[in-house]
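Step one of this worksheet: look at the structure below.
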Amino acid sequence: MAQEMMQNNKEKKNKLPLRLNILFLVVFIAFSGLILRLGYLQIVKGEDYKNALNANQHQSARIESARGKIVDTNGVTLADNKAELAIVYIRNAGISAQESLKLAQKLSNYLTMDKKAIDRISTRDKREYYVLTKFKSLQKAYDQYLTKKEQTAYEKKQSAAYKLLLSRIPKSKLTGYSAKDVQIMAIQHEFNQASNLSPYIIKRGLNVDDQEYINVVDHLNDFNGSIQTANVSSREYIKEKPFYVGKMGQIPEDKINGYLAQGYSRNAEVGVSYLEEQYENYLRGVPMTLTYKTKKGLPVGNPTVTDGKRGDDLQLTIDIRLQKKLDQVLEQKILSARSMAGNGQNNSAYAVMMNPKTGAILAIGGKKYVNGKFQNVASDAITSQFEMGSAVKGATELVGFQHNAVPSQFHDMPINYRNSKKYFKSWEVSGLGTLTPETALQFSSNVFMAKIVSNMSGITLTPAGGKYIARTPFVTNPRFVKAINDLRNGYSQFGLGVRTGIDLPTEGTGYNGGMPNESGVIHQYAIGQFDTYTPLQMVQYISTIANDGKRIQPHLLDSVHEPGTDGSKLGKTVYQFEPQVLNTIGNNKHDLERVQHGLYLVTHGARGTGSVFYTQGQKYKVAAKTGTAQVNANDLSLYNETFVSYAPYDDPQVAIAVVVPKVRKGHQNQEIALEMYKYYDQLYHYTSKN
């Protein structure tokens, strides 16, 4: 027995060191894990926690800096900034209505709000002012205007209770306010629009010599950081600003959340149209930052100010000299057209100028004569669509070449639709004789274009006594349907009926007429009297032909620059627009040269439809296509006059598209283009280089 006990004790002694070793190992592993965790927190995550701690100790607010300038291709300023000083309110989350009122009362001693600010005072503002000034506490107001039952019901809905309280204040209590009261209410109204720590401009347009600005500066410490002064600016534009520059405005309601997420204040002004909107990110710049120390989560004292940076400058492709000349010429030619008998319905004209090789827009014009005055409607040149008539025939021939549908020659004479009294013919009633693709463009043959689409769609044209008898398929015939789709898809290669890609928030795409309800209508389609297009699409179309089949994206932005140190010069280039080829049409060089030569004959061949250029404009080497689209089925003598062109023919530099709606006589379309080629040559001297 004793021997067994000794044996057991011996075994226990042998097991003790093993247990201790296991215990030490567990402790070692635990400490090792703790050390690794501390190392991870300090080394890997230390910066994150440091930033989080700083965030709890500091809060920041931002004030927008001046926007970048917008200048034309020669550096002429189109949009700039007028520097000014502003009084800014910075709201913190913990401020009560009573505290806000006290701030407004104090600020009213130094600042005078103008009539616009006073007009913004609402009935709610007056009721709130009444509650805050007539009752020692909010509870007393509740006791007077809400029953005990209502107070109990709204106990956990304070905002709803407050809204109900204000609605109970009778209008009879909202009269008899003094001028001082009105000033305080106007300031309080602005305070109420501010978001937490988002600077809100209370008054702008001040300068350092204004007494009220001086008074506010002298008493900034009285406001514990909630009132600040800031350098701000208002946008200034060139007189008769072109529409595409755009404008500034309050953030649209449907976009407010996106702008707030980017750090904008709720009352910030942003670009709300055209280039101001399109390039907001470049123009905005870097805001000034106000960093506050916080106590119990609320900002205290005056902030540390980090200066911002003015936005980048935009240089456009526009030549403002061409723009002003175009506006002037459009007005002159509208008046000229209206002076002719029968042209009383004409009151507008549109034109677009573009570099066909780069897509650089040089000028966009649109004028409308209303009640004896001209309105600038240049935006219609990119958003409104028109029947363009024969100006599209260059596209018709090139699409026809793609489908092997263009005859080498064809005799022009009227087309009669079988079992119908309807005729389709060219402007020369008896016909234009035998034509080639080139002379068909020169003389603007409707019948030649009809032959092309007839070959595509399965329409047969049988000669019969000085006319053709047309045998047409049903509009549901697969070959006919394919022809319509092939035409529409083919035209789109030139930018007709599709977006041009211009760098603006919006543009028109014309009107798609769908599938015709009569098969003979495809002949109208071939001469530009079915689908409709914008003047911008027309200048891209003719530029595609000028550029040997490459469709180039039109653009208004040339380059972006950092703010320059010399106010008269642009700073370092941060972005340069490079020409973008959107697509290349499906034609070979031979096809293109035939059409290009036909367009040249329009203005340089005897009896070509470009008669104004034939007699007055040979110097400018213009290739072109005229168009006269009938716009009223009950008045076939009323036309849209159109003209698409480029020059010089052998090395294109500029393309021009012109639309003059609703005229009966005259050649204002050609005259507008000729005046602009003359002026372009005066500026850039392209005829003297040849």
Side-chain angles (χ1 to χ4, degrees), residues 64-84 204-205 232-250 269-280 282-285 310-332 349-355 360-368 373-383 502-506 536 554-564 566-571 577 654 675-676 679-680 682-684:
E64 295 298 319
S65 297
R67 288 173 77 79
K69 297 189 294 183
I70 301 176
V71 302
D72 86 335
T73 189
N74 297 308
V76 177
T77 300
L78 308 180
D80 203 349
N81 306 293
K82 178 183 178 182
E84 56 189 15
R204 63 192 309 156
V232 296
S233 61
S234 57
R235 207 61 162 156
E236 285 193 323
Y237 296 105
I238 189 174
K239 186 179 180 181
E240 297 179 347
K241 173 196 69 174
F243 82 95
Y244 42 75
V245 172
K247 64 180 181 179
M248 304 288 294
Q250 293 293 310
E269 286 204 334
V270 298
V272 293
S273 66
Y274 300 111
L275 293 176
E276 289 277 25
E277 177 184 358
Q278 183 77 14
Y279 294 111
E280 171 70 22
Y282 281 125
L283 291 166
R284 181 192 183 194
R310 183 170 70 79
D312 291 330
D313 298 327
L314 306 185
Q315 183 163 38
L316 306 185
T317 58
I318 291 292
D319 187 329
I320 198 62
R321 298 171 299 179
L322 284 171
Q323 182 64 66
K324 290 180 177 180
K325 180 67 173 180
L326 180 58
D327 291 340
Q328 175 189 353
V329 169
L330 290 175
E331 291 185 2
Q332 290 173 347
Y350 309 88
V352 183
M353 300 180 69
M354 184 172 92
N355 183 317
I361 296 291
L362 306 176
I364 303 176
K367 290 288 184 176
K368 181 174 284 188
K373 294 182 179 180
F374 279 105
Q375 297 176 356
N376 192 322
V377 291
S379 61
D380 288 352
I382 66 168
T383 59
I502 192 170
D503 52 341
L504 290 174
T506 58
L536 178 64
H555 59 99
L556 289 152
L557 178 67
D558 179 69
S559 53
V560 181
H561 301 264
E562 291 181 351
D566 181 346
S568 63
K569 297 180 181 178
L570 293 171
F577 190 98
V654 57
E675 288 299 316
M676 294 314 300
Y679 191 64
Y680 182 89
Q682 288 178 26
L683 297 178
Y684 294 98

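All values reported here derive from a predicted model rather than from experimental measurement.
- Of all the heavy atoms in Pro563 and Gly311, the pair that sits closest is CG-O, 3.5 Å.
- Counting heavy atoms from C-beta on, the side chains of Pro242 and Asp327 never come closer than 4.5 Å.
- Within the model, atoms CG of Leu504 and CG of Leu557 stand 10.5 Å from one another, a figure rounded to the nearest 0.5 Å.
- A salt bridge links Glu64 with Arg284; the closest basic N to acidic carboxylate O contact falls under 4.0 Å.
- Considering CG of Asp558 and CD1 of Ile318, their distance stands at 11.0 Å, rounded to 0.5 Å.
- Between Gln278 and Pro505, the closest heavy-atom pair is OE1-N, 3.2 Å.
- Nearest heavy-atom pair, Tyr679 versus Leu322, reported as atom, atom and distance to 0.1 Å: CD2-CD2, 3.8 Å.
- No donor-acceptor pair under 3.5 Å is formed between the side chain of Asp380 and the backbone N or O of Gly366.
- By the 6.0 Å contact criterion, NZ on Lys241 is enclosed, its count of non-hydrogen atoms from other residues, nucleotides or ligands being greater than 12.
- Under the 3.5 Å distance criterion, with hydrogens and angles disregarded, a donor-acceptor pair is assigned to the side chains of Asp503 and Tyr279.
- Asn81 places a side-chain heavy atom less than 4.5 Å from the side chain of Arg310.
- You'll find the side chain of Leu316 reaches within 4.5 Å of the side chain of Leu275, heavy atoms only.
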Could you walk me through whether Asp319 and Tyr684 pass side-chain contact (heavy atoms from CB on, under 4.5 Å), step by step? CA-CA 11 Å; Asp319 187 329; Tyr684 294 98; 2.6 Å; yes
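- Nearest approach of Leu283 to Lys69, heavy atoms of both residues: CD2-O, 4.1 Å.
- Under the 3.5 Å distance criterion, the side-chain polar atoms of Thr317 are matched with a main-chain donor or acceptor of His555.
- Proximity of a side-chain donor or acceptor of Ser273 to a complementary backbone N or O of Lys247 within less than 3.5 Å is detected.
- Residue Arg67 forms a salt bridge (Lys or Arg N to Asp or Glu O under 4.0 Å) with just one option from Glu280, Glu236, Glu269, and that option is Glu280.
- For Tyr282, the ring-ring contact (aromatic ring centres under 6.0 Å, His included) test picks out no residue, with sequence neighbours left out.
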What verdict does the side-chain contact (heavy atoms from CB on, under 4.5 Å) test give for Ile361 and Leu536, after you've listed the backbone C-alpha separation in whole Å, the side-chain angles of each residue and the deciding distance to 0.1 Å? CA-CA 10 Å; Ile361 296 291; Leu536 178 64; 4.1 Å; yes
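- The side-chain contact (heavy atoms from CB on, under 4.5 Å) test with Gln315 is passed by exactly one of Asn74, Asp72, Val71: Val71.
- Not a single donor-acceptor pair under 3.5 Å links the side chain of Asp313 to the backbone N or O of His561.
- The shortest side-chain heavy-atom distance between Ile70 and Tyr237 does not fall under the 4.5 Å cut-off.
- Side-chain atoms of Gln323 come within 3.5 Å of backbone atoms of Ile364 as a donor-acceptor pair (strictly under, hydrogens ignored).
- Taking every heavy atom of both residues into account, Ala381 and Gly365 meet most closely at CB-O, 4.1 Å.
- By the 4.5 Å heavy-atom criterion applied to side chains, Glu276 and Arg235 are counted as neighbours.
- Note on ring orientation: taking the six-membered ring where Trp is involved, the planes of Phe243 and Tyr274 are perpendicular (angle over 60°, cut-offs 30° and 60°).
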Audit row: Met354, Leu362, side-chain contact (heavy atoms from CB on, under 4.5 Å) steps and yes/no: CA-CA 5 Å; Met354 184 172 92; Leu362 306 176; 5.7 Å; no
